[in-house]
Amino acid sequence: MDADEMDIDLDGAGADIDSPLSASPASASGSLPAVLSELDALHRRASSSSASPSLSLPSITYLSSAPAAVASLFPRLAAAGIPASSLLPPLEASLSAHPLPAAVAYLRLLLAPASPLLTLLSPLPFISLLLAIRKAASAAGGAANPSSGSGGCRGNPRKRKNPRHQPAAAPQAAPSLLPRALSLLADAAGRLPLRAHPDARRSLVDTAAELAAFDVLAAVLGSDYHAEAVQDVVRALAPVVLSGAKSAARVAAVQFLVTKLVPLGAEEGEDVVRKAVGYLPRYLAVKAPDKADARALAVEAIVEVVRALGSEEREGFAGYVVAMSKGKAKGRLLAVDLILAMLPVLLPSDGDDCDLEEGSWGLKFLRVLVERCSDSVGGVRARALTNAAQALDVMSERGVEVDQLQEVMRIGDMGLGELLRRRCTDDKAAVRKAALVLITKAIGLIGRPVDESLLCAMGAASSDPLVSIRKAALAAISEVFRKFPDEKVMKEWLQAVPPLVIDSETSIQEECENLFLELVLNRICQAANLSLDDDSIKLEDVFPEGTLDLLKSICDGEVAPCIKKICASLGKKKKLKPLLASSLQNIITISESFWLRSRKPIENWTAPIGSWWLLSEVSSFAPKSVNWKFLSHHWKLLDNVGQDDRGKACSQVEPNSALWAVNRVSLLQTISNVSMELPVEPASELAHSLLTRIENFDMNLSEVDAHVKSLKILCKRKAKSAKDGDALILKWAQQLIRSAVDILDQYIKEISESARGHSFVTPLSSKSRGKKQTSASKSTPEAVIAVFTVGSLILACPTANVKDITPLLHTIITSGNSEPRPKNLVGGTISFKELAPSLYIQSWDTLAKICLVDDKVAKRYIPIFVQELERSDMATLRNNIMIAMADFYVRYTALVDCYMSKITKSLRDPCEVVRRQTFILLSKLLQRDYVKWRGVLFLRFLPCLVDESEKIRHLADYLFGNILKAKAPLLAYNSFIEAIYVLNDCTGHGAYSESQGSSDRRPALSAIPGTDERSRSKRMHIYASLLKQMAPEHLLATSAKLCAEILAAVCDGLLSVDDAGGRAVLQDALQILACKEMRIHPNICADNSEMDEEGGEGGGTASALLAAKGRAVTQVAKKNLIQIAVPIFIELKRLLESKNSPLTGCLMECLRALLKDYKNEIEEILVADKQLQKELLYDMQKYETGKGKGKAAAEFESGPSGTSRSPARQSPAGAAAAKVDASARATVRSVLKEVNRNTPTPPLHSMSVPKVKSILGTAGPGSRLPGVLESVRRLQSFESDDEN
C-alpha cells in the first residue's frame, strides 16, 4: 500500500494509534512503554480486523536504534501477555511504509538474545525485509546519481500532487541506516535457521550478491546450512563475475569465490559441496558471454578459480575444455581462449622439467590449438592462430625444445609451414592477420629452408587491401628475413617490402623505411672497417654473409625505383649515416685489391654489382664522406676501358663492357652529387673530359644522359653566377647540336647517294658493295648516338635552337612514305625503318622530346604520333610513343584529349609489354585526374581484368578494387548494363546502339564475344569484379536494371534472341542474376568491415546500423523479386518456350538460384504460373537430391575423423543415397498431387511468414492445429507416376 492509503488507515484506527506525521513531540523519540502500548493496541485490533496496520515511525525508530531495549522487549511482552507472533504483522506492514528503519528493527528483533526465532522467522516477512533493503539501496544509488531517473521529485510527477508527503528525515537517514542494515543482515545470516526455508535462503543470497555484500555471503557459507547454499551462491555470483565491465564488484566477487567458496571443496568437505566447487568453472564457462571483451574477463575469472582448485578438479576441467573445443562454435571460441590462459597453470614451474610428454595437458592443449587453426568458423580460426602465437611464447619461456614444438604443430602430414600458407590466403581478414602474427612468433619453428609457397603467401599479403594485414605481413616477412637471410627470402623480401614505400598509409611507409635501414643499409655498414686478409680465397668470405647478394638484389629493375625513393626519404630525414658511403667505397676498393692480387688484368674487373648504384643514391646526402681521390682513380680507370689512345672507342669490346657502362653512369651520378666538394682544377678537367666524350658520339646510350647531366651540374655549381652557368650550358649545348646535325646530315646524304647509285649505275661487284655496306653500318651507330644526344640536350637545355635538326628528323620518320616532301630534303626514297630501325626509333623519341619543349612543333607532330601508334608494326616504337603520349597528356592536355579513344587501343596491343606500359601510364593519369573515367575509357579497361598476362590482371584487380572504388565508387554501377552489351559486341538494343556504332568501337577492342565456355568465363569474371565494388543498395538497383533493361527488353521485342549477340546478352544477364556476388544477405553490410567476427565487436552502434541497413535492403530485394522480377521471368519463359530456345534451361537455373532462399514461399511467389511452380519445385528437389547423394557418399567414404573407409565398408553409401532419393521422390509426388488438385492459393498478406495450406479443403479458423495440418500434408497416400 502507498503512503496515502496508509494515512487513511491510520486515521480510521482511532486515537489509540498515532500516525507518523501527527506524533506528539513527547512520543517522537519513542520509548519501551510506548512501544508496548502500541503493540497491545495492535494485538487487540488484530483480533477484530484482518488487516494489520504498521507500527508508528517513532516505535520503529526506537526499535532500530536501541539494542538494549530490544533485548528486554520479549520478557516485557510475556509479562504483558502479548504473544511474540503479534510482532510479525505490524513489522511486515512497516516494511512497506518505512522500508529501511523497519528492516533494521526486524533484524534487531531477530538477533535479540531472547528472540523466539521460530516464531519471528517467516519466509514472507523475511523476503519482504530483503526487498526493503534492495529498494533502500536502489534509492540511495539514485540519490547519488540523479540523472539516472530513480528517486526524487523529478522522476515521479505523482508525488508532486501531495506536497505534504515530502518527508525529509527518512530519506536523509536512509544512507546511514543501509550499512547498519547490511551489518545486521550478515550477523543474522549465520544464525538464522534457513535450512528449512529455501526460498528465503535464495532471496538472501540474491540480495547479498546484488548489493555486493560479501560479508553476508561469507556468513551464509559459514552457517550450518552452507551445503544447501553453495549452489545458490554460485548461481547468484555468476552474473557479477561474468559481467562485461571492469568493476570493483567483479574483482571482489572473483576473490570471494577463490578465497571463500573454493576452500570449501577440500577433500574433508561434504560431497555435495565438493561436487559444486568442482563444477564451478564449468558453470562459469557455460554462462560466459559472447562479446570479445566480456569473454576475456570471463576467461580471466575462470582461470583464477581453476588456479585455486585442487589438481584433480583442475585436470577434470582441462578435459572439459578439450571436449568443449569439439562442440559448438561458441564453445570452441571460448575453449581456445581458455587453453591459452590455462597453459601456464598446467605446465610445470620454471624450475621443473618442461618437456611435453605424451599425454600431458600442455601437449593436448597445443594440439587442440593447432586443430582449431583449421576450424570451419573464421572467428575460431583467428583466435586459435593468435593464441597459438602466444602459447609458443609461453612454451619458449618454459624452455620447451624446438624439435618437440615442431612435432606438436603438425596436423597429420601437414607441417606448420603448410598450415600457415593456407591461413595466409584465408578468405577472412582476421584469420590472415592472425596467421601473419603467428609467423612472426613461430619463425624459429619453421626452420630452413623456408617454404617458397609460404614466402609467396606473405608477399601477397603485403599488398592486401586492409591496412592492418599489410602491417602484419610487413612484420612477418621482415622477421623471416631477419632470422634467415637466404637468397630466396631476400628476393621475396625485396619484392614485397620496398614497394610499400608508396603505400597510402603513412605508418606503413615509415615502417618500410625503418626496416630497409635496419635489414639492408645497416648490414652494409658493417663492411666499413674491413680489410683484405691474406688467407681470403673468395671475395664473399671477406664481407658479412649475404652482403654482396644484397647489393646485387637491390639494383633489380623492378625494385630499384622504390629503393631510390626510400633512400631519398631517409636522406631528407637525415637517417643515412656517412658510414654507409664509406662502407660502399671500402667494398669497391677491397674488390679491386682482391682482383689485382689474383694477377688478373684490370680491364676485366668489375666492382660488386649494385655497389656503385647504391653509392650514387646515398652520396648526395653524405657528400663529404666520398673521397675525391677514390672517384678520380676509378673515373680514369672506367673511362679508359674500351678506348684507344686518342679517346675513340675501340672496335674490340670486352664482354663486361655493359657493366662498365652502368658503373660509369653511377660514378658520374656520384660525381655530380659531390661536385660542390670538388677542387676547381679537377672539376674543370672533368668537365672538359665529359664534353670531349659527348662530342665523340661513341658512348653507350645509357651513358649519354649521365654525361650531359653531370656536365650541366658541374657548370651550374662551378659558375660564378646562375646566369653565367646558363650561358655556358647553352654554349656547349649548341655546339654539340651542330656537331650532331652535321653527322646526321652527312649520314643521310651517304645513304641517299648509295641508294641513288644502286638505282642508276651498273650494279657493283660483291666486294665493292660489301665495302659500302660496311661503311654505312659503321656510321649508323654514330648517327643513332648523335640523335639520342640531341634529345638529352633538349631536355637539359630547353632554350637550345633545334630548327636545323627538326627537318632531318622529319625526313627519317617519314622516309618510305608516299607523302610529298620538299625537294631540298634528301632521303625521300629511302626507308630508314628497314635500313636502320634503331635510328628510326631514336628519331621518334628525339622528336617527342622536342615537342615537349616546343608547343608549336607539338601541334604539328602530335597527330603524326597518334597515327604511327595505330599503324606501326614495331613493338618498341609503339611502347616509346605511348610513353611520349602520356607526357604529352600532362603537357598538352586539351590537345591530346581528343585522341584518347585511339590511345586506349594500345590496351589490346598484341605485345604484352606495350599493354602493361599503356595500363600503367593511363592509370597514373587517372589517379592524377588528367584523364577522367568517361566515354570508352572505362569499357576499354575491362578486358584487362582477364588479360593473358598475369601481371596485367594483377594490376587491373588493384585498379578496380582499390583506386577506382575510392575515386569513382558509382562508376561500376552506372556502366554495368552498357558493359554487358559492349563485352558481347551487341548493338541490337536501341539504347546502346548509338554508343556501339562509332568507328573506333570494333569487336577486337573491348568485346569478348562468343558463347563458348572460355569467353563466358572471362565475361563473368569481369562482371563479378564489378559487382564486388558495389554497395548492397547498388546491387539491388543493378538487379532491377537487369530485369528492366535486358529481360524486359527481350519480352518487348527490343532485344532479339534470334541474334547471337542478343542471346549472349540474355544468357549473361541470367547468369549474373544467379551468381553469388549478386545475392544480398542481411549481414552483407557488416561483411564490408575491416575485421570479421572479432574486429567488429567494438562499434556496437555502427554494427547495429549496418545490420539494420542489411535487413532493410533484404526486404526490399524480396519485394523487388515478387513484384518486378517474377512477372518478367514468367513472360520471358513463355517467349523462350514458344521459340524452343536453349536459354530456357538458363532461365530455370537462374530462377532456382533466386528462389532457393524462399523455398517455403514459392507457391505464393509463383501464384501466376502453376506450371512454372511445379517445374521449379521438381528441379529444386532434384538439385537437393544430388547434394544429398554426394554428402551421404562422402560421409560413408570417410569416417567421422576424416579417415578413409575400406572398400568393404563403402556399401552402405549406396543404401543411404537410395534412401535420400526415395524420400525426395515421395516429397515431389506429394507436392505435385497437391498442386494438381487446384487448391486456392492464400493471398500475399505477409512476405516473411509462409502460409500452411491444408490438402483436405478449407476449414474454419482454429479448426485444426498447425502440426496436424503439416502431418496430413505430408501423407503419402498413393503412388503417382506423373513424372515418369
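Side chains are part of it too, since the values below use all heavy atoms of this structure and drop only hydrogens, waters and symmetry mates. Just so you know, residue 1 is the first one in the sequence shown, and it goes up from there.
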**Request:** Check the surroundings of atom NZ in Lys1018: do more than 12 heavy atoms from other residues, nucleotides or ligands lie under 6.0 Å from it?
**Result:** yes

**Prompt:** For residues Ser1015 and Asp1012, is any side-chain donor paired with an opposing acceptor at under 3.5 Å?
**Reply:** yes

**Request:** With Lys1041 as the cation and Tyr973 as the aromatic partner, state whether NZ or CZ is under 6.0 Å from the six-membered ring centre and within 45° of the axis.
**Result:** yes

**Asked** Got a donor-acceptor contact below 3.5 angstrom from the Asp854 side chain to the Ile850 backbone?
**Response** no

**Prompt:** Do Leu942 and Leu939 come close enough that some side-chain heavy atom pair is under 4.5 Å?
**Reply:** yes

**Item:** N-O pairing of Arg470 and Glu505 below 4.0 Å
**Value:** no

**Item:** Whether Ser872 side chain and Leu869 backbone form a donor-acceptor pair below 3.5 Å
**Value:** no

**Asked** Could you go step by step and tell me if Arg953 and Leu945 meet the side chain to side chain contact (heavy atoms under 4.5 Å, CB included) rule?
**Response** CA-CA 5 Å; Arg953 292 197 303 270; Leu945 288 165; over 6 Å; no

**Message:** Donor-acceptor pair, distance only, cut-off 3.5 Å: does the side chain of Asp1052 make one with the backbone of Leu1054?
**Reply:** no

**Asked** Where do Gln509 and Val501 come nearest, in terms of heavy atoms and distance?
**Response** CG-O, 3.3 Å

**More than 12 heavy atoms from other groups under 6.0 Å of NE2 on His1021** = yes

**Message:** How close do Val787 and Thr846 get, counting heavy atoms only, and between which atoms?
**Reply:** O-OG1, 2.9 Å

**Asked** Given side chains that start at C-beta, do those of Leu1066 and Leu1132 come closer than 4.5 Å, heavy atoms only?
**Response** yes

**Prompt:** Are Ile1046 and Tyr981 close enough that some pair of their side-chain heavy atoms sits under 4.5 Å apart?
**Reply:** yes

**Message:** Whether Glu558 and Lys951 form a salt bridge (side-chain N of Lys/Arg under 4.0 Å from carboxylate O of Asp/Glu) is what I want to check.
**Reply:** yes

**Message:** Pair Phe865, Tyr899 - check ring-ring contact (aromatic ring centres under 6.0 Å, His included), show working.
**Reply:** CA-CA 11 Å; Phe865 277 95; Tyr899 299 109; over 10 Å; no

**Request:** Look up atom CD1 in Ile785 and atom OG in Ser838, then write down how far apart they are to the nearest 0.5 Å.
**Result:** 9.5 Å

**Item:** Residues Ile1072, Phe976; criterion side chain to side chain contact (heavy atoms under 4.5 Å, CB included); working and verdict
**Value:** CA-CA 11 Å; Ile1072 292 169; Phe976 191 80; 3.9 Å; yes

**Prompt:** Any side-chain heavy atom of Lys967 within less than 4.5 Å of one from Leu926?
**Reply:** no

**Message:** Rounded at 0.5 Å granularity, tell me how far OG in Ser1025 sits from CG in Leu959.
**Reply:** 11.5 Å

**Request:** Please check if the side chain of Arg1016 supplies one atom and the backbone of Thr1011 the other of a donor-acceptor pair under 3.5 Å.
**Result:** yes

**Message:** Does the structure place the NZ or CZ of Lys932 under 6.0 Å from the centre of the six-membered ring of Phe938, at an angle of no more than 45° from the ring's axis?
**Reply:** no

**Item:** 4.5 Å side-chain heavy-atom contact, Pro943 and Leu907
**Value:** no

**Item:** Flag side-chain contact, heavy atom, 4.5 Å: Arg878 against Cys911
**Value:** yes

**Request:** Determine the minimum heavy-atom distance between Leu964 and Phe960, stating which atoms define it.
**Result:** CD2-CD2, 3.2 Å

**Asked** Would a distance-only check, ignoring hydrogens and angles, find a side-chain to backbone donor-acceptor pair under 3.5 Å from Tyr892 to Lys859?
**Response** no

**Item:** Between CD1 on residue Ile903 and CE on residue Met900, distance to nearest 0.5 Å
**Value:** 5.0 Å

**Asked** Going by atom types alone, do Tyr1023 and Asp1068 pair a side-chain donor with an acceptor below 3.5 Å?
**Response** yes

**Request:** I would like to know whether Cys986 and Leu1055 meet side chain to side chain contact (heavy atoms under 4.5 Å, CB included); could you show each step before the answer?
**Result:** CA-CA 10 Å; Cys986 177; Leu1055 180 63; 3.9 Å; yes

**Message:** I'd like to know if Glu912 and Arg915 make a salt bridge, using a cut-off of under 4.0 Å between side-chain N and carboxylate O.
**Reply:** no

**Item:** Closest approach of Met1030 to Ala972 (non-hydrogen atoms, all atoms of both residues)
**Value:** CE-O, 3.6 Å

**Message:** Nearest 0.5 Å, please: how far is CG in Leu809 from CD1 in Ile805?
**Reply:** 4.5 Å

**Criterion side chain to side chain contact (heavy atoms under 4.5 Å, CB included) on Thr893 and Phe888, from CA distance to verdict** = CA-CA 7 Å; Thr893 306; Phe888 292 160; over 6 Å; no

**Message:** I'd like to know if the side chain of Asn984 and the backbone of Ile980 have a donor-acceptor N/O pair within less than 3.5 Å.
**Reply:** yes

**Prompt:** Given side chains that start at C-beta, do those of Val931 and Leu937 come closer than 4.5 Å, heavy atoms only?
**Reply:** yes

**Check: Lys833 and Ile813 side chains under 4.5 Å, non-hydrogen atoms** = no

**Prompt:** When rounded to the nearest 0.5 angstrom, what distance separates OG1 in Thr1038 from CD in Glu1033?
**Reply:** 10.5 Å

**Asked** Just checking, any donor-acceptor pair under 3.5 angstrom between side chains of Asp947 and Ser949?
**Response** no

**Message:** Quick check for you: to the nearest 0.5 Å, what is the distance between Gln917 atom CD and Ile952 atom CD1?
**Reply:** 10.5 Å

**Complete:** Minimal heavy-atom distance between Ser815 and Ile812, with the atoms involved, is OG-O, 2.8 Å

**Request:** Please list, chain by chain and in numerical order, all residues satisfying side-chain contact (heavy atoms from CB on, under 4.5 Å) with Ala1060, sequence neighbours excluded.
**Result:** Arg1063

**Request:** Check whether any side-chain N or O of Arg1019 sits under 3.5 Å from a backbone N or O of Ile1008 as a donor-acceptor pair, and report yes or no.
**Result:** yes

**Message:** side-chain hydrogen bond (donor to acceptor under 3.5 Å, both in side chains), that's the test. Do Asp897 and Tyr930 meet it? Break it down for me.
**Reply:** CA-CA 9 Å; Asp897 190 58; Tyr930 284 106; over 6 Å; no

**Prompt:** Hey, is CD1 on Ile502 packed in by over 12 heavy atoms from elsewhere, all under 6.0 Å?
**Reply:** no

**Item:** ring-ring contact (aromatic ring centres under 6.0 Å, His included) between His810 and Tyr861, worked out
**Value:** CA-CA 9 Å; His810 178 88; Tyr861 282 98; 5.7 Å; yes

**Message:** I need the minimum non-hydrogen distance between Met1078 and Ser1039, along with the two atoms involved.
**Reply:** SD-CB, 4.2 Å

